[in-house]
Amino acid sequence: MIIELQPNIGPEIKRAIVEKVAAIGYKSMEVKTQRSHYLVAIGKKDFDIRTIGHMPGIADLHRVSDEYKLVSRKWKVAPTVLDLGDGVTIGGGGLAIMAGPCSIESEKQIEQTLEHLVANNVKIMRGGVFKPRSSPYAFRGLGIDGLKVWYNLARARGIKIISEVMQVSQIEPMLPYVDVFQVGARNTQNFNLLDELGKVDKPVMIKRGISGTIDELLSSAEYVFSAGNEKLILCERGIRTYERASRNTMDINAIPILKAKSHLPVVADPSHGIGIREFVPPVALAAAVAGADGIIYETHQKPEEAFSDGQQTLDFAESSRLINQLNEVIKFIQN
Ligand code: PEP
Ligand code: MN
């Protein structure tokens with residue numbers, strides 16, 4: 001059960017609600033986010049919801065039996081819209097396009113990418129400065145110094161930044177320079193990281209774990225929400241299956257399922273989803289048709305020279321073509 005408390009509820013009134021919840025055999029946890037103040041009550045006993053519903057101090061109340069609650073559509077029917085400022089939004093209609101290299105490599109590369117994005121009216125640039133690499137000998141990113149250079153160049157062109165945070169100690173130094181924190185597939189169940197991201201007032205995009213289920217992704221989002229941050233985005237990026245013909249198996253099914261289960265925006269990552277450059281555009285289009293609120297993909301001036309993931313990275317001509325196609329598809333399906 002979720003109880004939304006009235007703003008500025010007094011301690012006496014709150015205590016009465018907590019005691020009532022305990023009396024019916026439920027444990028409750030208080031959650032305060034940027035938007036509201038909740039009591040999440042966990043229990044199995046059947047009870048008449050009216051015994052609580054009439055109490056003073058309650059703004060709204062719903063029974064949500066799923067393991068995840070605050071991110072569930074059973075709690076909030078209206079889609080969540082994230083506002084990154086300057087008219088850039090994710091969720092609630094339209095299609096947010098986020099494009100950029102796998103890794104931030106140099107000032108020149110950042111400038112070339114920004115120029116490409118501005119020419120195509122794309123408002124959000126992706127790129128890793130902390131890179132989770134399967135081999136310790138591979139390029140592992142430019143770190144905070146690279147992020148600062150990127151930030152200055154991107155801000156001057158009105159472009160927002162999404163970048164991966166790999167560990168708790170990176171949150172604070174990254175905070176002033178990112179518009180969205182990305183939690184990578186290898187960290188979807190790093191619960192310490194999720195808890196800490198619950199304490200910041202910045203959107204967080206959580207990728208589905210490499211072998212993670214849809215419900216596990218939603219539970220990871222619940223971690224961040226219940227720790228205080230409801231600015232969340234879910235990302236389908238393919239899962240590991242027995243199939244070896246593609247890098248991962250892009251689970252297009254997850255897009256409508258996530259949208260039905262949760263009010264949070266759902267973004268698709270076809271680059272990691274299929275991992276094969278020439279097939280990224282059709283998978284991106286399929287994700288848009290399936291109802292994604294955004295597409296995140298990798299693009300580079302010279303994919304064959306990219307420091308990481310070049311095999312799945314579009315060049316700028318391919319990227320421009322994809323953006324045009326996505327805009328056409330969205331016009332068609334959302335009208
Ligand atoms: C990335 O976005 O470059 C990345 C490493 O993604 P994932 O966590 O989905 O593998
Ligand atoms: Mn990558």
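In this text the structure is predicted, and so the values were computed from the model without any measurement. First listed ligand is number 1; within each ligand, the first listed atom is number 1. All residue numbers refer to positions in the sequence shown, counting from 1. No hydrogens, no waters, no symmetry mates; every other heavy atom, side chains included, goes into these values.
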Worksheet item: Which of these, Lys202, Arg155, Lys231, sits in a salt bridge (Lys or Arg N to Asp or Glu O under 4.0 Å) with Asp179?
Response: Arg155
Identify the closest protein heavy atom to [atom]: which residue and atom is it, and at what distance?
atom	value
atom 9 (O) of ligand 1	Arg237 NE, 2.7 Å
atom 8 (O) of ligand 1	Ala185 N, 2.7 Å
atom 2 (O) of ligand 1	Arg126 NH1, 2.8 Å
atom 4 (C) of ligand 1	His272 NE2, 3.4 Å

Inspect the contact between [Y] and [X] and indicate whether a charged nitrogen and a carboxylate oxygen are less than 4.0 angstrom apart.
X	Y	value
Asp86	Lys123	no
Lys331	Glu328	yes
Glu298	Arg126	yes

Worksheet item: Backbone N or O of Leu70 within a donor-acceptor pair of the His263 side chain at under 3.5 Å?
Response: yes
Fill in: Expected output: side-chain Gln170 to main-chain Gln167 donor-acceptor under 3.5 Å
yes
Discussion item. Using heavy atoms and a 4.0 Å limit, tell me yes or no: is Cys102 in contact with ligand 1?
Written reply: yes
Worksheet item: Taking the non-hydrogen atoms of Arg208, is any one of them nearer than 4.0 angstrom to ligand 1?
Response: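 Outside the 4.0 Å threshold, so no.
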Between [X] and ligand 1, is there a nitrogen or oxygen pair with a distance under 3.5 Å?
X	result
Glu164	no
Lys207	yes
Lys131	yes

Which of the numbered atoms in ligand 1 are below 4.0 angstrom from a heavy atom of [X]?
X	result
Gly184	8 (O)
Glu298	3 (O)
Arg186	7 (P), 8 (O), 10 (O)

Response to the item:
On a heavy-atom basis, the closest approach of Val31 and Thr33 is CG1-CG2, 3.9 Å
Item to complete: Would you name the N/O/S atom of Glu298 that lies closest to the Mn ion (ligand 2)?
Response: OE2
Discussion item. Of all the N, O or S atoms in Asp309, which has the shortest distance to the Mn ion (ligand 2)?
Written reply: OD2
Worksheet entry | cation_pi(Arg63, Phe47) dist<6.0 Å, angle<=45 |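 Yes.
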Worksheet item: What do you reckon, is CZ of Arg247 surrounded by more than 12 foreign heavy atoms closer than 6.0 Å?
Response: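 Counting neighbours around CZ of Arg247, more than 12 heavy atoms of other residues, nucleotides or ligands fall under 6.0 Å, so yes.
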Fill in: CG (Asn8) with more than 12 external heavy atoms under 6.0 Å
no
Response to the item:
For NE2 in His272 and SG in Cys102, the angle at the Mn ion (ligand 2) (nearest 10°) is 170°
